[in-house]
Colleague: 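Sharing a structure here in structure tokens format.
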There are 2 protein chains.
Amino acid sequence: MKGKIFIIEDEASIVQLVQLNLEKEGFVVSSSLNGNEGLKELKKFEPNLLLLDWMLPDLSGIDVCKNIRRDSNLKNLPIIMLTAKGEEEDKIKGLESGVDDYITKPFSFNELHARIKAVLRRSDPNIISNDLTFEDLKLDRIEKRVFRADKEIQLGPTEFRLLEFFLINPKRVYSRDQILETVWPNNVNVESRTIDVHIRRLRQSINIKDKKELIRTVRSSGYSLV
Amino acid sequence: MKGKIFIIEDEASIVQLVQLNLEKEGFVVSSSLNGNEGLKELKKFEPNLLLLDWMLPDLSGIDVCKNIRRDSNLKNLPIIMLTAKGEEEDKIKGLESGVDDYITKPFSFNELHARIKAVLRRSDPNIISNDLTFEDLKLDRIEKRVFRADKEIQLGPTEFRLLEFFLINPKRVYSRDQILETVWPNNVNVESRTIDVHIRRLRQSINIKDKKELIRTVRSSGYSLV
DNA sequence: TTAAATTGTAATATTTCTGTAACAAAAGAA
DNA sequence: TTCTTTTGTTACAGAAATATTACAATTTAA
């Protein structure tokens, strides 16, 4: 799944077209033709991104936007505003009201797609694909494969989950307790030093000679991917 | 490739919608907004099927149709007529003039797709492929046959469904639960370990010596086709 | 109806993975 | 330096997951 996108736009033809195209790209899409209803459905649908028309029959796009930014659950929802030609002077106003990007109608689908990807990449990089990557490291969550410099690497289940964990937030340092909580199934009790051993195993697997060490030890704090 | 479809229809919105959907299904699609031009482009495009609007700005659908039937190269081109509601009395006239099927607007895409498949199956069964393939593996869903490297392989019903399942999403790793849910009829209760046995049987059947193993075991995750 | 094929399960064998302990090495602190 | 703390490394036994086999029950075909 690439992510969920909600559309609030009153021109049904645009909605259909965009929806179809996005679904073709692997997004899950839902839509609403006006602002008030849209706001309600939004909360149920929990999208990763909102495409919002500037001019709506009831509320204006800006009003919808403000509403969203006021809602603690939706505060961080990325929004791309759809504006008609000639409304461009309002750009700045739109961005001020908390829009992440805007696009002028008529737009090509490619342009829209590019912007969606850009915005999503900023807000939630994992949605764009099921691959987690960091430098020359790639982890495919669907096929359950790991590559370093395009060479496949064999990992045991725990090492796989461990690497997956680090790849979600590279560079960040995690304590052994944090690692334990997330990577190990709940309610198991393992020694904190066990992690050292798994780190060692992971290191051994992903390290390639002449390539730099990818896992950093932070004494008295934990480990991180660098 | 599933085949080429040409559309002659003057409502651009319908054309767009249908075209997108058909392309999503794997057809190659081209279109024209009026009859005369459509006839010309038809000959270049060489479609396997024509979607023809009843009411066109210049020629009527029937005229286009008659034209086609008179042309020795296009004589056998299957045609599905698109009619608006209320024109239904004309059905018979349409079919008499050499139309293979007709569909009334507004129609759902599913309905259209079903009719297209039906017509194509009659006129050119090879186009509607019900084969799933992956590398040198081929599964014919209609004839219920499986081939590896052009040699037919005998499978039991369950192994067949299992392989069919893997072929729909090759490379993707499925858990035993996912496999159970999809491959086994609902509401049956079989041990999750039973799958191992069927995997073994499937492996035994589709493996050929000197050829690589096709089913990959991903410890603690499941299986996939590779 | 009989024979053959198919299916699910249990029992057993095999493989792979995991956690721990013990010791070595490194980094800080005194 | 020397001591203390933290991390690295290794080996290994037990655990866990998968493979394989055999068999009885059931379905299908002859």
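Quick note on labels: first sequence line is chain A, next is B, and so on, each numbered from 1. Note that the structure is predicted; figures quoted are calculated from it, not measured.
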Colleague: List the steps and the verdict of side-chain contact (heavy atoms from CB on, under 4.5 Å) for B/I79 and B/L49.
Modeller: CA-CA 6 Å; B/I79 299 174; B/L49 186 144; over 6 Å; no
Colleague: Under a 3.5 Å threshold, yes or no: a donor from one side chain and an acceptor from the other, between A/R176 and A/S221?
Modeller: no
Colleague: Is A/L42 close to A/L50 at the side-chain level, that is, under 4.5 Å between some pair of heavy atoms?
Modeller: yes
Colleague: If the cut-off is 4.0 Å, is B/W184 near the phosphate of C/dG8, judged by side-chain N/O to OP1 or OP2?
Modeller: yes
Colleague: Are the aromatic ring centres of B/Y174 and B/F165 under 6.0 angstrom apart?
Modeller: yes
Colleague: What orientation do A/F6 and A/F45 show, parallel under 30°, tilted 30 to 60°, or perpendicular over 60°?
Modeller: tilted
Colleague: CG of B/L162 versus C1' of C/dG8: gap in Å, rounded?
Modeller: 14 Å
Colleague: Heavy atoms from C-beta onward define the side chain here; which of D/dG8, C/dT7, D/dT6 lies closest to that of B/R201?
Modeller: C/dT7
Colleague: Name the nucleic acid region contacted by B/S220, choosing base, sugar-phosphate or nothing; use a 4.0 angstrom heavy-atom cut-off, strictly under.
Modeller: sugar-phosphate
Colleague: Counting heavy atoms from C-beta on, name the nucleotide in D/dG8, D/dA11, D/dT18 closest to the side chain of A/V197.
Modeller: D/dA11
Colleague: From CZ of B/R193 over to C1' of C/dG8, roughly how many Å is that when rounded to an integer?
Modeller: 14 Å
Colleague: Kindly say if A/R203 contacts the phosphate of D/dG8, meaning a side-chain N or O under 4.0 Å from OP1 or OP2.
Modeller: yes
Colleague: When you match B/G156 and B/E191 each to their closest nucleotide on DNA chain C, which lands nearer the 5' end?
Modeller: B/G156
Colleague: How many whole angstroms separate atom CD of A/E213 from atom C1' of D/dG8?
Modeller: 11 Å
Colleague: Taking five pairs at each end of the helix from C/dT1-D/dA30 to C/dA30-D/dT1, what angle separates the two helix axes (nearest 10°)?
Modeller: 30°
Colleague: Looking at every non-hydrogen atom in both residues, tell me the closest pair between A/E164 and A/R141 and how far apart they are.
Modeller: OE2-NE, 2.9 Å
Colleague: Expressed as a whole number of angstroms, how long is the span from B/H198:NE2 to D/dT20:C1'?
Modeller: 14 Å
Colleague: Between B/S220 and A/R161, is any side-chain donor less than 3.5 angstrom from a side-chain acceptor?
Modeller: no
Colleague: Could you please name the option among C/dT15, D/dG8, C/dG8 that lies closest to any side-chain atom of A/Y223?
Modeller: D/dG8
Colleague: Rounded to the nearest Å, what distance is computed from the CZ atom of residue B/R200 to the C1' atom of nucleotide D/dA22?
Modeller: 12 Å
Colleague: Whole Å only: how far is the CG atom of B/L180 from the C1' atom of C/dT7?
Modeller: 13 Å
Colleague: If you check every side-chain atom of A/E159, which of C/dT16, C/dT18, C/dG28 has the closest atom?
Modeller: C/dT18
Colleague: Does B/F160 reach a base, just sugar-phosphate, or nothing at all? Heavy atoms under 4.0 Å.
Modeller: nothing
Colleague: Given atom CG of A/D196 and atom P of C/dA25, what is their separation to the nearest angstrom?
Modeller: 17 Å
Colleague: Should A/T217 be listed as having a side-chain N or O under 4.0 Å from OP1 or OP2 of D/dT7?
Modeller: no
Colleague: Answer yes when A/E46 and A/K4 have at least one side-chain N-carboxylate O distance shorter than 4.0 Å, and no when they do not.
Modeller: no
Colleague: Using whole Å, report how far CG of B/N189 lies from P of C/dG8.
Modeller: 12 Å
